[in-house]
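Encoded as structure tokens, the structure appears first; notes follow it.
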Protein chains: 2
Amino acid sequence: MMELTRKGEYAIRGIVYLAKQAPGKVILVSEVAEATGVPQTFLAKIFQSFAKLGLVNSFRGTGGGFLLGRPAAKITLRQVVEAVEGPIIPNRCLTEDGSCIRENICTVHPVWRRVQGEIAAILDGVTLEDLARGE
Amino acid sequence: MMELTRKGEYAIRGIVYLAKQAPGKVILVSEVAEATGVPQTFLAKIFQSFAKLGLVNSFRGTGGGFLLGRPAAKITLRQVVEAVEGPIIPNRCLTEDGSCIRENICTVHPVWRRVQGEIAAILDGVTLEDLARGE
DNA sequence: CCATTTAAGACCGTTTTTGTCCTTTTTACT
DNA sequence: AGTAAAAAGGACAAAAACGGTCTTAAATGG
């Protein structure tokens with residue numbers, strides 16, 4: 001359970017690869033795809049969504065490509081993961097606006113809340129810089 | 001991301017309902033299903049898998065039904081969740097036998113290891129007794 | 001034997017995942 | 001201006017997972 005999807009894994013691989021480049025250097029999706037072993041068109045989609053969120057910047061046309069939208073130290077693993085996988089929600093009842101109708105579920109509610117908080121805290125504490133320079 | 005499936009939620013609802021009963025009392029699936037709002041045949045499947053693991057005991061025929069396989073205090077939320085959802089694996093690379101081929105993935109590896117450990121610890125710390133008596 | 005209740009497995013529709021493919025737009029270079 | 005190189009965007013599709021249902025068999029008590 002609680003498994004990251006391929007998309008999530010690909011996203012991390014791809015953006016970490018960008019983080020390893022010299023700041024300001026523009027990289028082709030094709031290069032990232034090959035280097036990380038991710039299907040190119042799939043990775044392109046992922047990077048497009050990153051671009052919309054400002055996680056990466058993109059340039060079209062000849063000489064185009066991608067680079068980080070801000071310094072690697074300012075991008076957390078949580079931001080990357082949530083960008084592709086959505087918010088960290090261990091249980092549906094955490095989604096709702098405070099309405100957890102069933103009582104027996106509600107005793108579990110605070111447990112999931114803790115799980116959510118712990119995961120978020122861990123992922124918040126790791127930046128692309130950390131990951132790029134090998135911990 | 002990281003969301004519990006319906007099955008997982010149903011499983012918790014169902015077994016917590018059992019945990020709320022007087023010890024030794026045998027309960028019908030139909031009763032549990034109705035009380036918790038879970039589809040009966042689906043819940044039956046879940047309880048069957050619980051029975052195989054000893055989380056519950058079952059009796060067939062007239063007067064049959066289910067009850068906890070051991071005291072509620074001896075069943076953790078983690079055991080319940082893993083019984084239906086499988087082991088807690090935030091990332092595929094944690095499954096493998098130490099082989100995390102890609103280097104950039106491997107810098108992420110210890111992070112997922114921590115996530116795995118934290119979730120496990122939280123769920124280990126909660127028993128059905130806790131959940132049954134309302135935290 | 002008969003009604004009841006779980007056990008086991010086959011089956012099935014829907015949604016999500018994991019991509020591919022094609023067209024369009026933007027850009028740089030000649 | 002024309003062309004080649006990229007990313008942007010959308011449609012499409014196979015495969016897997018999810019969320020169940022249904023049927024038949026086996027056990028049990030009366």
Side-chain angles (χ1 to χ4, degrees), chain A residues 1-15 17-18 25-34 36-69 81 83-87 89 91-92, chain B residues 1-15 18 25-34 36-69 81 83-87 89 91-92 95:
Chain A
M1 75 161 301
M2 304 289 188
E3 206 157 338
L4 201 66
T5 65
R6 295 286 162 110
K7 185 156 115 181
E9 185 164 331
Y10 292 165
I12 295 171
R13 283 195 216 170
I15 203 167
Y17 185 86
L18 287 188
K25 190 175 176 196
V26 175
I27 311 285
L28 297 181
V29 191
S30 54
E31 179 185 332
V32 181
E34 181 160 19
T36 58
V38 174
Q40 181 174 337
T41 56
F42 200 11
L43 184 62
K45 292 292 185 197
I46 294 169
F47 274 12
Q48 278 170 34
S49 67
F50 281 167
K52 279 184 190 158
L53 297 168
L55 256 38
V56 303
N57 285 333
S58 66
F59 300 98
R60 320 222 274 199
T62 311
F66 292 90
L67 45 71
L68 292 187
V81 169
V84 286
E85 305 267 17
I89 310 238
N91 189 318
R92 287 175 163 83
Chain B
M1 77 162 300
M2 304 289 188
E3 205 157 338
L4 202 67
T5 64
R6 294 285 161 107
K7 186 156 112 180
E9 186 164 332
Y10 292 166
I12 297 171
R13 283 195 215 170
I15 203 167
L18 288 188
K25 188 176 178 197
V26 175
I27 310 284
L28 297 181
V29 192
S30 53
E31 179 185 332
V32 181
E34 180 160 20
T36 58
V38 174
Q40 181 174 335
T41 56
F42 200 11
L43 184 61
K45 291 292 184 195
I46 294 169
F47 275 11
Q48 279 170 34
S49 66
F50 280 166
K52 280 183 189 160
L53 298 168
L55 256 40
V56 305
N57 286 333
S58 65
F59 300 99
R60 319 222 275 202
T62 312
F66 293 90
L67 44 73
L68 290 188
V81 168
V84 286
E85 305 267 17
I89 310 240
N91 189 319
R92 287 175 163 83
T95 317

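Per chain, numbering begins at 1; letters A, B, ... match sequence-line order. Owing to the predicted nature of the structure, the values given are computational and were not obtained by experimental measurement.
Contact record, Val84(B) with Lys7(B): O-CE, 3.4 Å, taken as the closest heavy-atom pair. Considering every non-hydrogen atom in both Arg13(B) and Thr36(B), the closest pair reads NH1-O, 2.7 Å. Shown here for Val56(A) and Phe47(A), the closest heavy-atom pair between the two residues is CG2-O, 3.7 Å. The nearest pair of heavy atoms linking Leu4(B) to Met1(A) is CD1-CE, 3.7 Å.
Judged as a side chain to side chain contact (heavy atoms under 4.5 Å, CB included), and not counting sequence neighbours, Thr41(B) has no contacts. Considering only residues two or more places apart in sequence or on other chains, Glu85(B) meets the side chain to side chain donor-acceptor pair (under 3.5 Å) condition with Thr5(B).
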Listing time: all N or O pairs from protein to nucleotides 13-15 of chain D that are below 3.5 Å?
none

So if I define the base as every atom that isn't primed, P, OP1 or OP2, how would nucleotides 19-30 of chain D read as a B/S/- string at a heavy-atom cutoff under 4.0 Å? SSB----BBBS-
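Proximity of Gln48(B) to Lys52(B): side-chain heavy atoms (C-beta onward) are nowhere separated by under 4.5 Å.
Of the inter-residue distances, the one linking Leu55(B) atom CG with Leu18(B) atom CG reads 10.0 Å to the nearest 0.5 angstrom. Glu3(A) contributes atom CD, which lies 7.5 Å from atom CG of Asn91(B) (distance to the nearest 0.5 angstrom).
At the heavy-atom level, Phe47(A) lies nowhere under 4.0 Å from the strands shown.
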Please step through side-chain contact (heavy atoms from CB on, under 4.5 Å) for the pair Val26(A) and Asn57(A), ending with a clear verdict. CA-CA 9 Å; Val26(A) 175; Asn57(A) 285 333; over 6 Å; no
Passes side-chain contact (heavy atoms from CB on, under 4.5 Å), Val32(A) versus Phe66(A)? Steps please. CA-CA 10 Å; Val32(A) 181; Phe66(A) 292 90; over 6 Å; no
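Within residues 48-57 of chain A, no residue is approached by DNA chain C to less than 4.0 Å at the level of any non-hydrogen atom.
Screening Phe42(A), Phe50(A), Tyr17(A) against Tyr10(A) for a ring pair (Phe, Tyr, Trp, His ring centres under 6.0 Å) leaves a single residue, Phe42(A).
Taking the 5' to 3' direction, DNA chain C first and last meets chain A under 4.0 angstrom from a heavy atom at dT18(C) to dA28(C).
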